[in-house]
Number of protein chains: 2
Amino acid sequence: MSNSEKKKVTIYSVANEAGVSLATVSRVINDSGLVKQETKDKVEAAIVKLGYRPNAVAQGLALKKTTTIALVVPDSSFLYIGKIINGLLDVAKIYKYNITLHTTSSSINEMSEIIDNIVKSRADGVIIYNESLSNSESEVLNSFQVPMVYIGHKTTNLSSCNVYVDYSQALYELVNEYLDKGIDDIIIVEDRKNPDTISQIISGISRAYEEHGKKFDGYVEIPEQYHNSYEFLNEYFSRHKHDVVISMRDSQAVAVLNTCRENGIRVPEDTDVISVLDSRINDMVRPRISSFVIPSYDLGALAMRVMTKMLNGETVKERDYKLNYIYERKASTKN
Amino acid sequence: MSNSEKKKVTIYSVANEAGVSLATVSRVINDSGLVKQETKDKVEAAIVKLGYRPNAVAQGLALKKTTTIALVVPDSSFLYIGKIINGLLDVAKIYKYNITLHTTSSSINEMSEIIDNIVKSRADGVIIYNESLSNSESEVLNSFQVPMVYIGHKTTNLSSCNVYVDYSQALYELVNEYLDKGIDDIIIVEDRKNPDTISQIISGISRAYEEHGKKFDGYVEIPEQYHNSYEFLNEYFSRHKHDVVISMRDSQAVAVLNTCRENGIRVPEDTDVISVLDSRINDMVRPRISSFVIPSYDLGALAMRVMTKMLNGETVKERDYKLNYIYERKASTKN
DNA sequence: AGCATTATTGAAAATGCTTACATTTTGCGC
DNA sequence: GCGCAAAATGTAAGCATTTTCAATAATGCT
């Protein structure tokens with residue numbers, strides 16, 4: 001009756017109950033074919049009767065694989081990676097993989113600690129979302145001996161795959177349009193949190209400027225903390241007014257929106273405001289902010305799909321998977 | 001040179017390298033004391049030299065525990081549970097537990113599939129965040145034979161713990177204040193997604209009304225989808241005007257805010273708008289919405305801490321952990 | 001019926017660790 | 001030096017699977 005009396009049921013119990021050897025039971029649960037239908041039925045009946053659930057840990061030991069993959073993400077913004085995780089988990093479910101979640105704050109030794117942990121757990125693979133990896137972090141990661149997929153961050157690690165959106169091209173096309181119309185007072189406001197992404201973005205913008213025979217110097221660096229950045233922007237827009245203000249995330253774009261308004265700058269009449277990354281916030285702001293819609297769910301789903309391919313030994317022809325973005329014009333831009 | 005030549009290093013390799021038995025190595029890595037300092041040094045040198053990392057899978061098999069706990073969350077709003085996850089992971093890191101992530105959509109058989117998966121993986125415990133469990137889901141969960149902690153949802157399952165915020169009391173106190181001032185035209189707008197939470201909230205409000213000799217009937221049900229609800233609210237506020245509008249999440253409160261504005265209702269001059277749950281959205285809206293600040297991070301951290309206690313066999317005196325909320329008055333209320 | 005195949009099954013080793021128990025070493029008092 | 005307890009180390013039996021290889025049963029053919 002009591003829980004403690006309930007004895008654990010192993011493959012032996014099942015073998016015993018069905019009157020076969022444990023090897024046969026193993027064959028049945030792994031669907032390996034060569035078992036007579038009759039005995040298969042007996043075994044399956046025993047499994048149901050005893051409520052047997054194969055022990056994945058023992059399987060992991062015997063098979064030298066865990067069907068577990070480790071996901072490493074920054075601990076800050078689940079706001080932006082929520083959809084990525086959803087996509088990833090959906091695909092993981094299809095292929096019967098489990099996901100372990102690991103977050104990195106920015107402390108120095110953190111990454112190697114996490115990796116140590118992942119190595120011990122013998123995950124079959126690692127998926128990393130991190131827009132800004134330091135050199136030492138990259139180095140640690142490169143020493144990893146398991147399949148790796150990077151999301152949103154193109155690496156030079158030859159043995160891993162990358163799933164990302166080409167911000168550079170996206171911004172190039174956007175800015176190009178403005179320049180074609182003769183609008184060239186464009187700035188981008190950002191903090192230093194994501195140096196890689198920022199440099200991609202700026203390279204795209206710069207290319208557009210160069211092709212128009214101009215030089216881009218509109219990078220305005222803002223403080224990292226939201227409230228600080230808010231103050232900074234408030235101060236900034238009390239002195240400046242531009243045709244176009246681009247920011248990395250819609251949360252920052254909203255700060256731009258609010259501070260512009262507080263300084264008598266009308267959006268979009270006086271200034272176009274654009275956000276590169278979109279999140280649910282944007283549903284709730286008026287005016288809605290024109291932005292690129294990043295296919296977050298697809299990023300996650302594709303990353304996981306690529307991972308399964310790597311693990312199945314399917315040859316992955318492509319190391320790089322570039323996803324499309326869509327620019328959505330909303331109420332914060334007039335052009 | 002090549003990776004394929006690299007042979008795996010096990011506890012045997014280390015024992016061999018150090019010239020001791022594997023038992024001794026095991027004692028060293030588990031810090032079990034009774035090893036002479038001298039041999040301990042030898043072993044540790046060998047570990048470093050070979051780059052040995054204990055295989056957690058084999059350990060799991062030998063010890064019958066995985067130091068892994070499974071986290072089950074709804075697949076929808078990482079917006080609200082991001083901080084919970086952060087708190088949970090931080091504590092998990094301290095106690096060296098790994099977290100596997102499982103999401104539930106609302107499909108019927110999903111929960112038992114997830115549980116099947118978790119049982120197979122032999123997680124040491126399960127933490128569940130889900131505001132609305134169906135009866136059949138609860139039943140499946142109750143049959144679980146591992147320690148469980150529920151976040152934000154008080155269950156009657158005797159063998160599990162609950163970590164939650166008492167919405168009923170929170171709303172009681174809030175509404176009480178209004179009623180004391182003679183303001184009683186209060187409504188709450190919500191969809192049916194979280195029946196449990198909603199009924200808690202309404203019970204709190206009702207209690208306040210009753211103590212003032214009145215009856216509460218201000219529950220306005222709105223459609224689940226954001227855009228539908230937006231239309232609904234727009235229509236609604238073209239016909240109604242109330243002293244106070246309460247909604248469950250700040251995303252909905254923003255919809256209220258916007259639709260009020262579009263119908264010429266000024267906030268807070270004409271109507272107070274209040275949100276029960278707070279998220280980062282609220283930083284970005286003007287006016288900021290008065291809301292309860294739910295201690296999300298603490299919910300997650302405490303849940304994990306309670307779990308570690310259950311797993312260590314420390315007696316958990318309390319099954320229920322009620323956390324405090326703070327009501328923050330912001331610009332969307334005048335009262 | 002007898003033999004050669006082939007389809008099923010079982011026995012046992014392997015997976016990498018922990019730990020109870022056995023054995024060896026050490027230290028100490030005389 | 002000797003004896004004995006305590007400390008240190010080693011041996012081997014689990015832990016729950018998979019899988020190779022050998023053994024057995026079933027089948028087809030003459």
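Quick note: numbers below take in every heavy atom, side chains included, and nothing from hydrogens, waters or symmetry partners. Note on naming: letters A, B, ... go to the chains in the order of the sequence lines (proteins, then strands), and numbering restarts at 1 for each one.
- Distances shorter than 4.0 Å separate some side-chain N or O of A:Lys64 from OP1 or OP2 on C:dG16.
- Listed by chain and number, the residues in a side-chain hydrogen bond (donor to acceptor under 3.5 Å, both in side chains) with A:Thr67 amount to none (sequence neighbours excluded).
- One axis for each end of the helix from C:dA1-D:dT30 to C:dC30-D:dG1, each built from five base pairs, and the angle between them comes to 40° at 10° resolution.
- A side-chain N or O of B:Thr66 and one of B:Asp124 form a donor-acceptor pair less than 3.5 Å apart.
- No engagement by A:Val57 is indicated, since no non-hydrogen atom pair under 4.0 Å with the nucleic acid exists.
- The NZ atom of B:Lys8 sits 14 Å away from the C1' atom of C:dC17 (whole-angstrom rounding).
- No hydrogens or angles considered: nothing links the side chains of A:Asp75 and B:Asn86 as a donor-acceptor pair under 3.5 Å.
- Atom NZ in A:Lys120 sits roughly 12 Å away from atom P in C:dC17 (whole-Å rounding).
- As a whole-Å value, the separation of B:Asn55 CG from D:dT17 P is 17 Å.
- The stretch residues 295-312 of chain B participates, sequence neighbours left out, in these side chain to side chain donor-acceptor pair (under 3.5 Å) pairs: B:Asp90-B:Tyr297, B:Tyr95-B:Arg305, B:Arg305-B:Thr308.
- Listed by chain and residue number, B:Asp41 satisfy the side-chain hydrogen bond (donor to acceptor under 3.5 Å, both in side chains) test with B:Gln37 (two or more places apart in sequence, or in another chain).
- Side-chain contact, B:His102 with B:Thr100: a donor N or O sits under 3.5 Å from an acceptor N or O.
- Listed pair A:Thr39 / C:dT9 meets the phosphate criterion, a side-chain N or O lying under 4.0 Å from OP1 or OP2.
- Nucleotide C:dG16 holds its P atom 12 Å from the CG atom of B:Leu61, rounded to whole Å.
- Across A:Tyr97 and A:Thr68, no two heavy atoms sit closer than the pair CD2-N, 4.0 Å.
- Side-chain proximity of B:Ser21 to the nucleotides C:dG16, D:dT17, D:dG10 is greatest for D:dG10.
- Ion pairing between A:Lys93 and B:Glu110 holds under the 4.0 Å rule for side-chain N and carboxylate O.
- Among residues two or more places apart in sequence or in another chain, the side-chain hydrogen bond (donor to acceptor under 3.5 Å, both in side chains) test is passed with A:Asn55 by none.
- In this entry the distance linking CD of B:Glu38 with C1' of D:dT9 reads 13 Å, nearest Å.
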Can you check nucleotides 18-25 of chain C for protein contacts, nitrogen or oxygen pairs under 3.5 Å, and list what you find?
unit_1: C:dT18; atom_1: OP1; unit_2: B:Asn30; atom_2: OD1; d: 3.3
unit_1: C:dT18; atom_1: OP1; unit_2: B:Asn30; atom_2: ND2; d: 2.7
unit_1: C:dT18; atom_1: OP1; unit_2: B:Gln59; atom_2: NE2; d: 3.2
unit_1: C:dT18; atom_1: OP2; unit_2: B:Ser26; atom_2: OG; d: 2.4

